[in-house]
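See structure below.
Residue numbers start from 1 in every chain, and the chains themselves are labelled A, B, ... in the order their sequence lines are given, proteins ahead of strands. The model shown is predicted, which means the values in this text are computed figures rather than measured ones.
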There are 2 protein chains.
Amino acid sequence: MAAKKTPARGEADRLSLICKAIRRAILERALLPGDRLPEDALGERFGASRTIARYALGQLAAEGLVDLRRNRMATVAAPSFADARDIFDLRIVLERQVVRHLAGKLSDREVKHLQAIVEAEHAARHGADGTAIRLATEFHVALAEMTGKPILIRYVTEICYRAGLALSAFSRPHSSDCAVSEHLDLIEAIRTGPADKAADMMEAHLEAVASRALLQASDARGRDLMNILAPYAGDPG
Amino acid sequence: MAAKKTPARGEADRLSLICKAIRRAILERALLPGDRLPEDALGERFGASRTIARYALGQLAAEGLVDLRRNRMATVAAPSFADARDIFDLRIVLERQVVRHLAGKLSDREVKHLQAIVEAEHAARHGADGTAIRLATEFHVALAEMTGKPILIRYVTEICYRAGLALSAFSRPHSSDCAVSEHLDLIEAIRTGPADKAADMMEAHLEAVASRALLQASDARGRDLMNILAPYAGDPG
DNA sequence: TGCAACAAAAGTGCATGCACTTTATCTGAG
DNA sequence: CTCAGATAAAGTGCATGCACTTTTGTTGCA
């Protein structure tokens, strides 16, 4: 029988299936800030009941990817401009920490793995889908995972997804936010360089990413205004 | 009638009520790592069904305060020694960031507020309940809130609770982990000092807290063992 | 006494139902 | 045509029920 009562050992349950799918869709900008996420549509799409979908949305809300308001449909979170800036500030201190742990300690295998990701990034560079963006995030998450510190990994992963969402809110469509060459330089700096220098380079990289997206957005106020006003529309209280 | 169909504007719903209660109980060490959290008992205690209790446990698990394993009863999370160390490492970089934002920028009102908390801490110093511990955490959370940065506040608050849980796992009963005088010095350093000096002081403070609890635990391996074994023991008291 | 195997009890996993709220659609007056 | 109000449709909030799993006793046997 295909249908088992309890998921097998490695088998993904529908709960994490929903979470993963939405996270990825957000990262790849298939889902945009403000997009609606009705519970039953979600559940039906994944062969689960509303109960599961609702629970998944709760988890995603805890990660800051989804907005939940009582009696209202869940939506993809719409970070404000200030939120975006704060997310990147936080991301910088967390990823500096990652780099400090890793500097001068990467194994050959790890270097290879990172280079392979950047390679793939380069290959996906000119596709219209979100693959390049996803791979860029994968690079940063892979770095975090190499620290072997579960708590650090978890927070970096989360902030990377939130940063991806923030970029989705403020950078132009189809712009690939991370420059491939910067990632290559980063690998080299972490492999060879002193910790502080590598950390500075990570900070510069992330600051560049933030600037490219956020500065251009602060020019075009219209975008920001839309975002600020969205939650208030139709609710005088 | 007293019973409304929908909670009034400011009224706390039972979901966040459960979350708050458990968070606080963990912080005050009324709940210890490994303690069981059956859904129906929880729900009944707060006049809600299992659905709500289950959802609350999911939220707390996302915050790292609760362990969830399929088909098993939820338990208060039992961080390993390595987890505890990682949590404090992360807490240090986050709270350094808080202090950097705040240094030289505290209003008189804010200084007063912080001093009042430390005052209360001092008063609760010799009580056997967890009030002193809770107030110590409140001090750190209050600092974070003064940055006005929602994302930073959220992460600092979460890491503070996780740190409280880690201390609960590894420090002796009734030890108040934060020295009151250190908090007073911290206020002064943030009020007057240059950002880096204040940040260093925060780091030293947190490192001291971690050391007091974690070093004594790494000496006495038995303590760690107790914690590992706790979930398997029946409830002796 | 020690310890399997088994049976009852307690607990989780999840869908479904119903009351209530929000959102969308329709209607008619200005 | 526009827009307020009414009404239908869609969606959420939450309890409950039932199948399944884990845990806890309990009994039988060495």
Side-chain angles (χ1 to χ4, degrees), chain A residues 1-19 22 31 34-62 66-77 229-237, chain B residues 1-19 22 34-62 66-77 229-236:
Chain A
M1 266 320 190
K4 273 194 192 173
K5 295 307 174 177
T6 262
R9 278 192 69 76
E11 187 177 332
D13 49 326
R14 287 164 302 171
L15 170 60
S16 52
L17 214 65
I18 295 179
C19 288
I22 294 182
L31 282 175
D35 280 359
R36 302 173 161 215
L37 301 166
E39 293 172 0
D40 32 12
L42 227 52
E44 195 172 352
R45 175 70 187 73
F46 290 90
S49 78
R50 278 207 306 126
T51 307
I52 306 295
R54 184 183 182 75
Y55 192 92
L57 288 170
Q59 296 293 306
L60 293 165
V66 160
D67 271 352
L68 291 181
R69 291 167 58 196
R70 193 178 183 81
N71 283 321
R72 293 208 157 65
M73 219 180 302
T75 59
V76 176
L229 258 46
Y232 299 93
D235 186 10
Chain B
M1 282 312 284
K4 275 193 189 172
K5 295 307 174 178
T6 263
R9 279 192 68 77
E11 186 177 333
D13 49 326
R14 287 164 302 172
L15 170 60
S16 51
L17 214 65
I18 295 179
C19 287
I22 294 182
D35 280 359
R36 300 172 162 222
L37 301 166
E39 293 171 0
D40 30 11
L42 227 51
E44 195 172 351
R45 177 68 187 75
F46 290 90
S49 78
R50 277 205 308 127
T51 307
I52 306 294
R54 183 184 183 74
Y55 192 93
L57 288 170
Q59 296 292 306
L60 293 165
V66 160
D67 271 352
L68 290 180
R69 291 168 57 198
R70 191 176 184 82
N71 283 321
R72 294 210 151 68
M73 220 180 299
T75 58
V76 175
L229 258 46
Y232 302 94
D235 192 10

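Counting only distance, with no hydrogens or angles, the side chain of R14(A) and the backbone of F46(A) share no donor-acceptor pair below 3.5 Å.
Annotation: salt bridge (charged side-chain N to carboxylate O under 4.0 Å, His left out) contacts involving residues 40-53 of chain B, sequence neighbours excluded, comprise E39(B)-R50(B).
Residue S49(A) places at least one side-chain N or O under 4.0 Å from the OP1 or OP2 atom of dA15(C).
Interatomic distance, I52(B) CD1 to L17(B) CG, rounded to the nearest 0.5 Å: 11.5 Å. Between the OG atom of S49(B) and the OH atom of Y55(B) there is a distance of 13.5 Å, given to the nearest 0.5 Å.
Remark: P of dC14(C) and OH of Y55(B) are 16 Å apart, rounded to the nearest angstrom. If you take CZ of R36(A) and C1' of dA9(D), they are 14 Å apart, rounded to a whole angstrom.
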Between the protein and nucleotides 7-13 of chain C, which nitrogen or oxygen pairs are less than 3.5 angstrom apart?
from, atom 1, to, atom 2, distance (Å)
dT12(C), OP1, E39(B), N, 3.4
dT12(C), OP2, E39(B), N, 3.3
dT12(C), O3', N71(B), N, 3.4
dG13(C), OP1, N71(B), N, 3.0
dG13(C), OP2, R54(B), NH1, 2.3
dG13(C), OP2, R54(B), NH2, 2.4
dG13(C), O3', R70(B), NH2, 3.0
dG13(C), O6, R50(B), NH2, 2.8

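Residues satisfying the side chain to side chain donor-acceptor pair (under 3.5 Å) criterion with Q59(B), sequence neighbours excluded, are absent altogether.
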